[in-house]
**Q** 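Please see the structure below; I have some questions.
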Amino acid sequence: MLLKLNHKWSLTEEEARNLQAKLAKLVAEEKLPADPELIAGVDVSYNVGENILFAGVVVISRRNLKLVEKAVAVKEVKFPYIPGLLSFRETPALIEAFSKLKTEPDIILVDGQGIAHPRAFGIASHIGVLYDKPTVGVAKSILVGKPDFIPKNKGEFAFLRFNGKIVGALLCTQTGSAPVVVSVGHKVTLEESINLVNELAVHFRIPEPTRLAHIVVNEARRKGSQE
DNA sequence: GCGACAG
DNA sequence: ATCTTGTCGC
């Protein structure tokens with residue numbers, strides 16, 4: 001995958017927030033150009049107390065949910081985890097993983113928020129803008145906003161509102177499990193995002209792409225950190 | 001000042 | 001994010 005835009009990553013918190021506000025203007029909430037077939041999922045893993053990130057990308061076929069390709073990168077980090085600035089910690093490592101990927105996905109599912117973010121620029125939007133590619137944010141919990149209600153049954157969803165606007169949705173992917181937070185990352189609509197995540201979460205709470213990515217990076221971490 | 005706070 | 005077996009509930 002080719003990076004269409006890049007910038008410095010060694011920034012102060014203030015610089016990072018200003019950059020998010022600036023790049024947020026580039027986010028497009030629009031319909032997909034075509035039905036996606038190759039879906040990518042990304043995730044990051046690391047040992048608490050260490051500064052080594054294991055970033056991974058997997059690409060699966062929407063048809064059979066089978067793995068098409070995977071890529072992993074190991075990278076040192078200096079940026080800490082700060083709510084609202086997650087992308088400045090994880091994206092550099094993910095870019096390395098993407099650079100090893102040969103398959104060109106149609107859309108990317110990211111473990112985190114899209115525009116359901118304080119400055120409407122979560123990691124899913126950040127990655128989408130950098131590669132100018134459709135992305136969807138799939139988080140396990142809310143960063144900002146309030147849901148209209150808590151969906152309880154599979155396939156049911158509730159809009160998430162922040163500053164008077166709908167910024168995402170709480171989607172119940174499995175009856176009996178906590179809902180996931182879906183939001184537009186870039187170049188996709190919320191409706192398409194919800195439908196896609198629901199379709200890809202057939203047997204588990206987490207949709208297959210990010211679920212597989214999570215498994216891949218954890219395997220890499222357990223091997224690469226026990227030497 | 002207080003509480004909230006993706007991974 | 002990660003450390004972890006059994007156990008409560010449908």
Side-chain angles (χ1 to χ4, degrees), chain A residues 9 13 16-17 19-20 23-24 27 41-58 72-95 97 108-129 135-147 152-154 160-163 167-186 190 193 197 203-207 209-226:
Chain A
W9 291 97
E13 289 186 35
R17 292 193 181 89
L19 180 58
Q20 289 182 321
L23 296 178
V27 173
V42 305
D43 194 21
V44 169
S45 173
Y46 64 92
N47 290 310
V48 175
E50 294 180 9
N51 60 335
I52 304 297
L53 293 192
F54 294 80
V57 185
V58 302
V72 174
V74 183
K75 189 174 177 62
E76 181 180 353
V77 281
K78 295 180 180 177
F79 206 94
Y81 167 67
I82 298 171
L85 298 180
L86 174 68
S87 71
F88 291 91
R89 173 176 173 76
E90 303 192 341
T91 305
L94 286 170
I95 287 177
I108 305 167
L109 265 54
V110 182
D111 203 333
Q113 315 292 347
I115 62 174
H117 177 279
R119 287 163 296 283
F121 201 68
I123 187 169
S125 296
H126 204 149
I127 290 174
V129 166
T135 56
V136 174
V138 184
K140 294 179 288 299
S141 63
I142 295 172
L143 175 59
V144 296
K146 293 299 176 184
K152 298 292 185 182
N153 301 309
K154 185 177 177 67
L160 182 67
R161 301 170 193 274
F162 180 60
N163 288 338
V167 297
L170 237 54
L171 169 68
C172 178
T173 53
Q174 293 295 317
T175 301
S177 296
V180 295
V181 187
V182 179
S183 63
V184 168
H186 186 48
L190 178 58
S193 300
V197 171
H203 292 154
F204 302 92
R205 176 169 92 114
I206 305 301
T210 46
R211 195 182 77 86
L212 266 184
H214 190 265
I215 291 173
V216 167
V217 293
N218 274 319
E219 289 177 338
R221 176 174 58 81
R222 287 162 182 155
K223 289 181 180 177
S225 66
Q226 65 166 353

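In what follows, chains carry the letters A, B, and so on, assigned in the order in which the sequence lines appear, proteins first and then strands, with residues in each chain numbered from 1. The figures here come from the full heavy-atom set of this structure, side chains too, leaving out hydrogens, waters and symmetry mates.
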**Q** Which distance, rounded to the nearest 0.5 Å, do you find between the CZ of A:Arg17 and the CG of A:Leu85?
**A**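 Spacing of CZ (A:Arg17) from CG (A:Leu85) equals 5.0 Å.
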**Q** Does the ring of A:Phe54 carry A:Arg221 above it, NZ/CZ under 6.0 angstrom from centre and within 45° of its axis?
**A**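 No cation-pi geometry.
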**Q** Classify the ring geometry of A:His126 against A:Phe121: parallel below 30°, tilted from 30° to 60°, perpendicular beyond 60°.
**A** tilted
**Q** OP1 or OP2 of B:dA6 versus the side-chain N and O atoms of A:Lys140: is any pair under 4.0 Å?
**A**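 For B:dA6, neither OP1 nor OP2 has a side-chain N or O of A:Lys140 closer than 4.0 Å.
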**Q** State the CG-CZ distance between A:Leu23 and A:Arg119, to the nearest 0.5 angstrom.
**A** 12.0 Å
**Q** Would you kindly give the CZ-to-P distance between A:Arg222 and C:dA1, to the nearest whole Å?
**A**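 Distance, rounded to whole Å: 12 Å.
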**Q** With respect to the side chain of A:Arg221, which nucleotide from C:dA1, C:dT2, B:dA6 is positioned closest?
**A**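 Between C:dA1, C:dT2, B:dA6, the one nearest the side chain of A:Arg221 would be C:dT2.
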**Q** Looking for any heavy atom pair under 4.0 Å, which part of the strands does A:Leu85 touch: base, sugar-phosphate only, or nothing?
**A**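 Touches a base.
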**Q** Remember a base hit wins even if backbone is also touched, and classify A:Ile123 as base, sugar-phosphate or nothing at under 4.0 Å, heavy atoms.
**A**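 Base contact - A:Ile123 has a heavy atom under 4.0 Å of at least one base atom.
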**Q** What is the separation between atom CZ on A:Arg89 and atom P on C:dT2, rounded to the nearest whole Å?
**A**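 A:Arg89 atom CZ is separated from C:dT2 atom P by 11 Å.
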**Q** Within the structure shown, what part of the strands sits under 4.0 Å from A:Gly84 by heavy-atom distance: base, sugar-phosphate, or nothing?
**A**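 Touches a base.
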**Q** Rounding to a whole Å, what distance do you find between A:Asp43:CG and B:dA6:C1'?
**A**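 Spelled out: CG on A:Asp43 to C1' on B:dA6 is 12 Å.
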**Q** Could you give the CD-to-P distance, from A:Gln20 to B:dC5, as a whole number of Å?
**A** 18 Å
**Q** Distance check needed: B:dA6 P versus A:Leu170 CG, whole Å only.
**A**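 The answer, rounded to whole Å, is 14 Å.
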**Q** Of the non-hydrogen atoms in A:Ser183 and A:Val167, which two are nearest, and what is the gap between them?
**A** CB-O, 3.4 Å
**Q** For A:Phe54 and B:dG7, give me the distance from atom CZ to atom C1', rounded to whole Å.
**A**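 Going from CZ in A:Phe54 over to C1' in B:dG7 covers 16 Å.
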**Q** In whole angstrom, what separates A:Ile82's CD1 from B:dA4's C1'?
**A** 15 Å
**Q** Reckon A:His214 touches a base, only the sugar-phosphate, or nothing at all at heavy-atom distances under 4.0 Å?
**A**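 The answer is sugar-phosphate, as A:His214 gets under 4.0 Å only of primed atoms, P, OP1 or OP2.
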**Q** Whole-Å distance between C:dC10 P and A:Asn153 CG?
**A** 15 Å
**Q** Would you say A:Ser45 reaches C:dT2's phosphate, i.e. side-chain N/O to OP1/OP2 under 4.0 Å?
**A** yes
**Q** For B:dG7, take OP1 and OP2 only and decide whether either is under 4.0 Å from a side-chain N or O of A:Ser141.
**A**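 Looking at the OP1 and OP2 atoms of B:dG7, one of them is under 4.0 Å from a side-chain N or O of A:Ser141.
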**Q** Ignoring backbone atoms, test whether A:Asn47 places a side-chain nitrogen or oxygen under 4.0 Å from the OP1 or OP2 oxygen of C:dA1.
**A**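 For C:dA1, neither OP1 nor OP2 has a side-chain N or O of A:Asn47 closer than 4.0 Å.
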**Q** Is there a stack between A:Tyr81 and B:dG7, judged by ring centres under 5.5 Å and planes under 30°?
**A**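 So yes, this residue stacks on that base, both cut-offs being met.
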